[in-house]
Amino acid sequence: METVAVIDFETTGLSPALGDRATEIAAVLVQDGQIVDRYESLMNAGVYVSPFIESLTGISNAMVRRAPPAAQVMEAVADFVGDHPLVAHNASFDCRFWDAELQRIDRRRSRAFACSMRLARRLLPRAPSHKLGALAEYADLPATGRHHRALADAELSAHLLLHIEAVIRRRFRIREVSHALLCEIQCAPQRGLDRCVKNLRGGAET
DNA sequence: TGCCAGGCCCTCTTTAGGGCCTT
């Protein structure tokens with residue numbers, strides 16, 4: 001598959017529309033079945049980190065105050081990601097913050113997000129939960145560090161993506177799993193998924 | 001004062017409601 005960028009945000013809350021801001025971003029590049037590069041940074045958006053969020057993420061107000069400005073970090077991570085297609089776990093969340101933080105520096109997203117959670121719901125329906133941590137345990141993914149820190153979660157999402165790609169190759173007898181195919185599968189109906197993927201591939205098998 | 005998201009997905013649905021998932 002072409003190189004993809006798996007990203008993860010830590011934030012002050014759930015909605016940029018309500019004033020929540022990013023406190024940390026990580027992006028890892030996945031190429032030829034492995035992580036080949038990493039970017040990680042705390043960022044200072046001048047916002048208050050609540051005790052709940054500090055307890056959840058381990059990111060304190062002092063850590064954010066010492067971090068580089070959010071605009072500087074977003075410029076750097078946007079350059080790092082470049083034009084690679086994007087992946088995130090529950091991508092609707094990260095996509096909202098990605099777009100909102102980019103808009104603040106007058107930049108725009110150029111590629112679509114694929115969502116490892118939506119893919120897991122279709123391809124790993126027997127998992128007891130589709131939370132990132134639960135899927136890591138279910139699929140026996142390698143440990144990557146403290147849950148709810150950006151780099152650890154981005155790397156874990158990358159390992160989950162590689163696991164999902166292996167499931168797709170095995171189940172649908174596909175040699176190369178493109179980002180475009182991931183986007184098609186995540187939008188396909190759960191029932192009739194096999195028929196849908198076969199139609200996408202024109203019925204050709206490797 | 002109290003409350004505040006948003007998209008997906010399933011079902012006891014479709015003129016709706018509630019759980020899941022992200023921080």
Side-chain angles (χ1 to χ4, degrees), chain A residues 5-28 40-65 67 70 73-74 77 86-104 109 111-139 141 144-161 163-164 182-194 196-197:
Chain A
V6 183
I7 73 161
D8 186 78
F9 274 109
E10 303 306 319
T11 72
T12 60
L14 296 174
S15 174
L18 294 181
D20 292 318
R21 295 293 304 273
T23 56
E24 188 177 47
I25 174 77
V28 300
E40 173 193 31
S41 182
L42 289 161
M43 65 175 85
N44 183 359
V47 289
Y48 170 71
V49 179
S50 71
F52 170 75
I53 293 294
E54 180 173 344
S55 171
L56 181 72
T57 65
I59 297 172
S60 66
N61 283 289
M63 291 165 69
V64 168
R65 275 197 301 272
V73 173
M74 287 307 300
V77 72
L86 296 152
V87 177
H89 195 71
N90 196 7
S92 67
F93 172 84
D94 290 281
C95 183
R96 283 197 302 276
F97 278 94
W98 183 256
D99 289 349
E101 295 292 346
L102 281 186
Q103 188 172 22
R104 290 175 177 273
R109 173 168 54 90
R111 303 296 298 273
F113 270 91
C115 176
S116 56
M117 187 185 75
R118 292 180 69 186
L119 289 164
R121 280 178 169 160
R122 279 161 180 75
L123 296 160
L124 306 173
R126 293 179 182 173
S129 159
H130 295 91
K131 293 180 181 178
L132 183 57
L135 285 167
E137 187 173 344
Y138 176 77
L141 303 179
T144 57
R146 187 194 196 282
H147 189 36
H148 284 304
R149 286 303 297 266
L151 183 59
D153 282 358
E155 289 192 3
L156 196 54
S157 299
H159 289 302
L160 175 60
L161 174 67
H163 179 82
I164 287 170
L182 295 178
C183 291
E184 295 282 0
I185 290 175
Q186 74 182 14
C187 294
Q190 177 71 278
R191 291 172 184 169
L193 182 60
D194 290 79
C196 185
V197 172

With a cut-off of less than 4.0 Å, is there a side-chain N or O of [X] near OP1 or OP2 of [N]?
X	N	value
A:Ser129	B:dC20	no
A:Arg122	B:dC9	yes
A:His130	B:dC20	no
A:His148	B:dT23	yes

Rounded to the nearest Å, what distance is computed from the [atom1] atom of residue [X] to the [atom2] atom of nucleotide [N]?
X	N	atom1	atom2	answer
A:Leu124	B:dC21	CG	C1'	16 Å
A:Gln186	B:dG7	CD	P	14 Å
A:Phe52	B:dT23	CZ	P	10 Å
A:Arg149	B:dT22	CZ	P	17 Å
A:Leu14	B:dT23	CG	C1'	5 Å
A:Arg121	B:dC8	CZ	P	11 Å
A:Asp94	B:dT23	CG	C1'	9 Å
A:Met117	B:dG6	CE	P	16 Å

Point to revise | Sidechain-backbone polar pair: A:Ser157 side chain, A:Asp153 backbone, donor-acceptor under 3.5 Å | key: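 Yes; at least one donor-acceptor contact below 3.5 Å.
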Review point. Got a donor-acceptor contact below 3.5 angstrom from the A:Glu24 side chain to the A:Ala150 backbone?
Key: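 Yes, because the side chain of A:Glu24 sits within donor-acceptor range (under 3.5 Å) of the backbone of A:Ala150.
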Please give the distance between the [atom1] atoms of [N] and [M] as a whole number of Å.
N	M	atom1	result
B:dC3	B:dG7	P	24 Å
B:dG18	B:dT23	P	26 Å
B:dC8	B:dT14	C1'	16 Å
B:dG19	B:dT13	C1'	15 Å
B:dG6	B:dC12	C1'	25 Å

Among [options], the one nearest [X] by side-chain distance:
X	options	result
A:Leu18	B:dT22, B:dT23, B:dC4	B:dC4
A:Arg118	B:dG6, B:dC9, B:dT22	B:dC9
A:Ser92	B:dG6, B:dT22, B:dC21	B:dG6

**Study point:** Heavy-atom check, side chain of A:Ile53 versus side chain of A:Ile59, under 4.5 Å
**Key:**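 A side-chain contact under 4.5 Å is absent here.
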Review point. Any side-chain heavy atom of A:Leu135 within less than 4.5 Å of one from A:His163?
Key: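 No, side chains not in contact.
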Practice item. Check the angle between the aromatic planes of A:Phe9 and A:Phe97 and answer parallel, tilted or perpendicular using the 30° and 60° thresholds. Key: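 Taking A:Phe97 first and then A:Phe9, their aromatic rings sit tilted (interplane angle of 30° to 60°).
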Practice item. Using the side chain to side chain donor-acceptor pair (under 3.5 Å) rule, take A:Asp20 and A:Thr12 through it: C-alpha gap first, then chi angles, then the decisive distance, then the call. Key: CA-CA 5 Å; A:Asp20 292 318; A:Thr12 60; 3.3 Å; yes
Review point. When we call it a touch if two heavy atoms are under 4.0 Å apart, what does A:Asp8 touch: a base, just sugar-phosphate, or nothing?
Key: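 If one applies the 4.0 Å heavy-atom cut-off, A:Asp8 turns out to touch the sugar-phosphate alone, with no base involved.
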Check your understanding: Which is true for A:Thr57 with a 4.0 Å heavy-atom rule: it touches a base, it touches only sugar-phosphate, or it touches nothing?
Key ->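 Touches sugar-phosphate only.
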Check your understanding: Between A:Ala188 and A:Leu56, which has a closest nucleotide on DNA chain B that is more 5'?
Key ->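 The 5'-side residue here is A:Ala188.
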Exercise for review: Would you kindly compare A:Ile53 and A:Ala17 by the position of their nearest DNA chain B nucleotide and give the one closer to the 5′ end?
Suggested key: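 Counting from the 5' end, the first nearest nucleotide belongs to A:Ala17.
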